[in-house]
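Below, chains carry the letters A, B, ... as their sequence lines are ordered, and counting in each starts from 1. Because only heavy atoms are used, hydrogens play no part in the values below, and waters and symmetry mates are left out as well, while side chains stay in.
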There are 2 protein chains.
Amino acid sequence: MQSMRVQTGATQQAIVTTAGKAFCFAEGLELPGFSMRFDRDEEIFGEGESADFVYMVVSGAARGFRILSDGRRQITGFHLPGDVFGMETRGDHRSSAEAIVDSEIALVRRSAVDRAADADGAAARQLWALTAGDLDRLRDHMMLLGRKCAAERVGSFLLEMARRAPAEHGTQLPMSRSDIADYLGLTIETVSRTLTQLERDRAISIRSARCIVLHDRTALGVAD
Amino acid sequence: MQSMRVQTGATQQAIVTTAGKAFCFAEGLELPGFSMRFDRDEEIFGEGESADFVYMVVSGAARGFRILSDGRRQITGFHLPGDVFGMETRGDHRSSAEAIVDSEIALVRRSAVDRAADADGAAARQLWALTAGDLDRLRDHMMLLGRKCAAERVGSFLLEMARRAPAEHGTQLPMSRSDIADYLGLTIETVSRTLTQLERDRAISIRSARCIVLHDRTALGVAD
DNA sequence: CGTCCCCTTGAGTTATTTCAACACTCGTGG
DNA sequence: CCACGAGTGTTGAAATAACTCAAGGGGACG
């Protein structure tokens with residue numbers, strides 16, 4: 001396996017342990033890149049940085065977020081294995097991203113993405129569809145943030161995670177209560193209380209803080 | 001001027017009063033289409049309908065929104081003259097859109113959009129950038145919905161409208177309090193009370209319900 | 001076995017909602 | 001020209017969902 005030194009952002013420099021791989025961004029869309037390891041809570045890219053790369057989770061998980069000057073944080077999305085993130089059509093990143101747990105992240109140079117889009121109309125279409133899919137999911141999340149009560153927010157979140165991160169013995173939640181709260185527009189106390197209440201209602205079982213079993217999907221009380 | 005009959009959706013049929021025009025979707029991206037008039041509160045397209053057209057506001061204003069089965073509504077965005085909306089990469093519309101006031105809307109066939117994207121890489125890039133721009137604005141709005149208090153939401157909204165719909169004698173608000181509330185994730189009463197309070201604080205003047213003058217942009221108390 | 005971090009629980013507070021009444025604006029028709 | 005009515009916006013008072021502050025619990029790890 002090769003090893004190379006890359007400049008990934010304004011400040012960061014890293015030893016890349018895998019080089020010359022191709023990563024599947026979508027059905028029939030393979031892009032050349034390399035993968036990097038990020039520790040838990042390590043920044044992947046920051047708001048305002050030049051968007052020289054596009055990212056995909058290989059293993060682990062990441063959070064995308066924005067922060068107000070007074071520290072309030074809104075998590076715009078969780079990125080799980082296979083998810084592409086950090087793709088900008090303009091020059092700079094408008095949000096930040098961090099690893100939630102120790103993760104392996106694929107990096108593809110933006111120039112390579114642009115080249116693929118220019119060379120192949122179908123590839124361009126696929127990349128556009130990735131962005132459009134994000135837009136669609138964000139509109140759903142706007143409904144959650146603007147119009148759903150705490151119980152519905154937590155219920156919707158559990159259903160989303162159950163769909164995206166199915167595991168053998170219950171749904172795994174790689175993120176902390178604080179991450180969940182900042183994703184759902186709630187406080188950690190409200191998230192915790194709501195989960196406890198859902199367990200009392202026999203809608204879920206909390207095997208541990210990071211592992212939940214969904215029993216009764218209708219009892220989650222999620223409107224649609 | 002020509003006149004033609006078009007099937008615009010599952011049910012609607014309309015007399016088109018302008019045909020054969022080209023509409024500017026972005027810098028150097030002109031697409032052939034026609035324009036139609038929509039009355040106040042008339043549906044432009046509905047959730048689940050086949051997305052056969054892409055739309056642009058010529059004059060007037062539109063709202064994009066989603067509704068839960070129990071009637072709760074979240075407005076995902078307001079569309080003002082020049083704004084493109086209803087562009088889907090998949091087959092169906094995932095949100096609805098209605099005219100806020102009597103409006104003239106340009107319709108471009110999706111097939112024409114696809115053709116332009118296939119033929120010209122630069123056009124494809126522009127269309128992708130339109131979607132990416134929407135995504136970016138939605139992320140800002142998520143911060144508003146998830147983490148800002150009522151006063152900040154209304155303040156941010158006024159700044160947004162002042163930027164997008166500048167007028168001679170104050171900012172025009174084509175939409176009702178109910179629309180504003182459903183955009184900001186508040187109730188109409190809270191929107192109304194907050195505007196009154198902002199006027200007491202001398203941050204704005206309410207010339208009429210639909211026309212506001214911004215005095216002191218810092219007094220709007222909008223964090224960033 | 002202790003310490004740290006995260007999570008949970010409790011009690012009191014508050015921002016926003018809910019419910020209800022009233023005010024304004026703008027057409028329409030007498 | 002004024003009365004009327006419908007739709008829209010404002011205001012008040014009470015209710016409540018979620019937040020804040022504070023303390024305690026439990027698991028992971030050295």
Side-chain angles (χ1 to χ4, degrees), chain A residues 39-41 63 68 70-74 100-102 144-158 172-201 204-212 221 223, chain B residues 39-41 63 68 70-74 98 100-102 144-158 170 172-201 204-212 221 223:
Chain A
D39 290 337
R40 176 174 184 275
D41 293 330
R63 58 182 164 250
L68 294 180
D70 62 3
R72 280 176 290 179
R73 183 179 69 156
Q74 178 65 44
I100 291 174
V101 294
D102 295 356
L144 179 149
L145 291 172
R147 287 290 173 237
K148 289 187 179 176
C149 69
E152 292 174 309
R153 295 187 197 196
V154 173
S156 298
F157 171 70
L158 290 177
Q172 298 296 320
L173 304 179
M175 67 294 288
S176 67
R177 294 292 183 265
S178 171
D179 286 335
I180 298 172
D182 285 349
Y183 181 55
L184 300 179
L186 299 170
T187 58
I188 53 173
E189 293 95 331
T190 299
V191 171
S192 180
R193 268 187 260 271
T194 304
L195 286 168
T196 305
Q197 187 57 47
L198 285 173
E199 186 169 38
R200 278 202 211 99
D201 297 344
I204 63 173
S205 288
I206 304 174
R207 297 177 78 94
S208 72
R210 306 280 177 115
C211 179
I212 309 274
Chain B
D39 290 337
R40 175 172 184 274
D41 293 331
R63 57 182 163 251
L68 293 180
D70 62 3
R72 280 175 290 178
R73 183 178 70 157
Q74 178 65 43
E98 292 171 350
I100 292 174
V101 293
D102 294 356
L144 179 149
L145 290 172
R147 286 290 174 239
K148 289 186 178 176
C149 68
E152 293 173 308
R153 294 187 197 196
V154 173
S156 299
F157 170 70
L158 290 177
Q172 299 295 321
L173 305 180
M175 66 295 286
S176 68
R177 295 290 183 268
S178 172
D179 286 335
I180 298 173
D182 285 349
Y183 181 55
L184 300 179
L186 299 171
T187 58
I188 52 174
E189 293 94 330
T190 300
V191 170
S192 181
R193 270 186 259 270
T194 305
L195 286 168
T196 305
Q197 188 58 47
L198 285 172
E199 187 169 37
R200 278 202 209 97
D201 297 344
I204 63 173
S205 287
I206 303 174
R207 296 177 78 95
S208 71
R210 307 280 177 114
C211 180
I212 308 273

Are any protein N/O atoms closer than 3.5 Å to N/O atoms in nucleotides 4-8 of chain D? If there are, list each pair with its distance.
from  : atom 1 : to      : atom 2 : distance (Å)
D:dT8 : OP1    : B:Arg40 : NH2    : 2.9

Practice task
Taking A:Thr196 for its side chain and A:Ser192 for its backbone only, find out whether a donor-acceptor pair lies under 3.5 Å.
Solution key: yes
Problem - First encountered from the 5' end of DNA chain C, between B:Cys149 and A:Ile206 - result: A:Ile206
Exercise for the section: Would you mind classifying the nucleic acid contact of A:Leu186 as base, sugar-phosphate or nothing, using non-hydrogen atoms under 4.0 angstrom? Expected result: sugar-phosphate
Problem - Side-chain touch B:Arg147/A:Asp182, heavy atoms, less than 4.5 angstrom - result: yes
Exercise for the section: Report the end-to-end axis angle of the helix from C:dC1-D:dG30 to C:dG30-D:dC1; each axis comes from five terminal pairs, and the value is rounded to 10°. Expected result: 30°
Problem - Along DNA chain C (nearest heavy atom to each residue), the more 5'-positioned of A:Arg147 and A:Arg200 - result: A:Arg200
Exercise for the section: Remember a base hit wins even if backbone is also touched, and classify B:Thr196 as base, sugar-phosphate or nothing at under 4.0 Å, heavy atoms. Expected result: sugar-phosphate
Practice task
For B:Leu195 and for A:Thr190, locate the closest nucleotide of DNA chain D by heavy-atom distance; then report the residue assigned to the nucleotide nearer the 5' terminus.
Solution key: B:Leu195
Practice task
Please find the earliest and latest nucleotides of DNA chain C, in the 5' to 3' direction, that have an atom within less than 4.0 Å of any heavy atom of chain A.
Solution key: C:dC6 to C:dA11
Problem - side-chain contact (heavy atoms from CB on, under 4.5 Å) evaluation trace for B:Arg153 with B:Ile180 - result: CA-CA 10 Å; B:Arg153 294 187 197 196; B:Ile180 298 173; over 6 Å; no
Problem - Side chain to side chain, A:Gln74 and A:Leu145, heavy atoms closer than 4.5 Å - result: yes
Fill in the blank from the handout: A:Glu189 CD to D:dG24 P, in whole Å, measures 16 Å
Exercise for the section: Ignoring hydrogens and angles, tell me if any N or O in the side chain of B:Arg210 forms a donor-acceptor pair with the backbone of B:Pro174 under 3.5 Å. Expected result: yes
Exercise for the section: Say whether, by atom type as modelled, one donor and one acceptor occur between the side chain of B:Asp179 and the main chain of B:Ala181 under 3.5 angstrom. Expected result: no
Handout entry: Phosphate-side-chain proximity, A:Thr187 and D:dT20, N/O vs OP1/OP2 below 4.0 Å
Key = no
Problem - Under 3.5 Å: donor-acceptor pair, side chain of A:Arg63, backbone of A:Tyr183 - result: no
